[in-house]
Amino acid sequence: MTHTAQVVVIGGGQAGLAVGYHLRRQGVDFVILDAQTTPGGAWQHAWDSLRLFSPAACSSLPGRLMPPQTGETYPDAQHVVEYLVDYEKRYELPVERPVRVLGVYRDGPLLRVDTDSGTWQACAVISATGTWWRPFLPAVPGRGAFGGRLLHTVEYRRPQDFAGRRVIVVGGGNSGAQIAADLAYETQMTWVTQRPPRFLADDIDGRVLFDAATARRRALDEGRTDTGGVASLGDIVAVPPVREARNRGLLKASRVFTRLVPGGVEWADGTRAEAEAIIWCTGFRPALSHLAPLQLRGRRGHIATSGTRAVDEPRLHLLGYGDWTVPASATLIGVGRPAREAAREIAGLLA
Ligand code: FAD
């Protein structure tokens, strides 16, 4: 069966909901297709102790402040899920679940969206599928030889799963630091990072990061010198559990090993460490396989965008994937502005 809508939004996480809010304000007829069975996007799958790096009031989508979480300055992932459930309901956003989009195709003046439960035709498509679904693991020699557990951030839940074990955490970003801090008490944890960890000053959190990203965007828009944005400040927000583990001297990092060996890892100088598990906190890539039929990837596999609009397919917008599709757009507070711009542009296109 073929359904129609003026706009199909692919993904019902925070980015899909934020753009839904603005499409509704523009009076556009739209549907949001989400592969999950329940609301909350990637936040439903986060590890138990994950904390936002901004207070609730600074983690809000357009139109509705995130309420504070009782007893916590930095809310946990469950609090974000509850906020997104409420947001979706409050604005009566038309989300269809579970619907997985398999491919987007050009179909004359329309775009055709093939899903695992039917086909949609639309004048425009907004892809808001996030990155959680495409974990990135670097190629390291000896993977087949290791014999222990190899996990990515997306599979980590709680330290009790590794109690007493030798665990290596790879990665010097926020995920690596938070998971290393989580494991520091109950396991024999080794933290390895490509360069010495760069903790942000204790009084810097997501609010400051958002301001830095905004200042950078303005500078670039106005042709001024690149301010360096967030990266110039450091990599790791010292949320309370990270701060505490660091202050206790439990977050000392070694350089990354060069290969895996049976039952452990080996550094370039031949030093070895034994491990039963290695957790790769090595980032993500945008989940875009459904856009492959449009053949938009240019050099280096990137889809060229102007703001959120695909340069070679103006009926397609990409929202929430990070700096590539507008600085800070992969954050709760940062996705509102590009969502508004995308909805406006699309309303203009439809008119
Ligand atoms: P997602 O939440 O991943 O939602 C995308 C939705 O699209 C999902 O429901 C998915 O199932 C669906 N989908 C995917 N493919 C398809 C398909 N083919 N068909 C249909 N549906 C599909 N941001 C902050 O603001 N503050 C923080 O403190 C913070 N901490 C973070 C910590 C970690 C560890 C990570 C990874 C990210 C963090 N972020 C934070 C960044 C960001 O806010 C989250 O990554 C957020 O989940 C991104 O939202 P999204 O809507 O873009 O993607």
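Heavy atoms only: backbone and side chains are in, while hydrogens, waters and symmetry mates are out.
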Separation of [Y] [atom2] from [X] [atom1] (nearest 0.5 Å):
X    : Y    : atom1 : atom2 : answer
T282 : W280 : OG1   : CH2   : 7.0 Å
R285 : W132 : CZ    : CH2   : 15.5 Å
R64  : Y91  : CZ    : OH    : 7.0 Å

In the structure I gave you, are the side-chain heavy atoms of [X] and [Y] within less than 4.5 Å of one another anywhere?
X    : Y    : answer
V242 : V237 : no
L23  : V9   : yes
I168 : F257 : yes
Q178 : V239 : yes
W191 : P197 : yes
L183 : V169 : yes
M66  : Y87  : no
L294 : R106 : yes

Check whether the side chains of [X] and [Y] place a donor and an acceptor atom closer than 3.5 Å, and report yes or no.
X    : Y    : value
Q14  : W43  : yes
Y156 : D182 : yes
Y83  : S59  : no
T38  : Q44  : yes

Using a 6.0 Å distance limit plus a 45 degree cone around the ring axis, check whether [X] lies over the aromatic ring of [Y].
X    : Y    : value
R246 : F199 : yes
R134 : F284 : no
R112 : Y105 : yes

Can you tell whether the side chains of [X] and [Y] come within less than 4.0 Å, N to carboxylate O?
X    : Y    : result
R309 : E345 : yes
E92  : R24  : no
E72  : R51  : yes
R195 : D235 : yes
R158 : D48  : yes
R248 : E244 : yes

Tested for side-chain contact (heavy atoms from CB on, under 4.5 Å) against R315, the lone hit among I126, V104, L349 is L349
Among V8, T4, I10, which residue satisfies the side-chain contact (heavy atoms from CB on, under 4.5 Å) criterion with V31?
V8
Can you tell me if CD on E155 sees more than 12 non-hydrogen neighbours from other groups inside 6.0 Å?
yes
Around atom CD of Q194, are there more than 12 heavy atoms from other residues, nucleotides or ligands closer than 6.0 Å?
no
Under the 3.5 angstrom rule, does the side chain of [X] hit a backbone N or O of [Y] as a donor-acceptor pair?
X    : Y    : value
D312 : L296 : no
H152 : G283 : yes
R157 : V154 : yes
S329 : G322 : yes
S306 : V311 : no
D116 : V99  : no

Might you point out which heavy atoms bring A124 and I346 nearest each other, and give the distance in Å?
CB-CG2, 4.0 Å
Using the ring centroid of each side chain, check whether H3 and W120 are separated by less than 6.0 Å.
yes
Tell me, with the steps shown, if Y321 and S127 meet side-chain hydrogen bond (donor to acceptor under 3.5 Å, both in side chains).
CA-CA 9 Å; Y321 299 103; S127 183; 2.8 Å; yes
Between V81 and V85, does the side-chain contact (heavy atoms from CB on, under 4.5 Å) criterion hold? Intermediate values first, please.
CA-CA 6 Å; V81 172; V85 169; 4.2 Å; yes
Using 30° and 60° as the class boundaries, would you call the ring planes of W133 and H45 parallel, tilted or perpendicular?
perpendicular
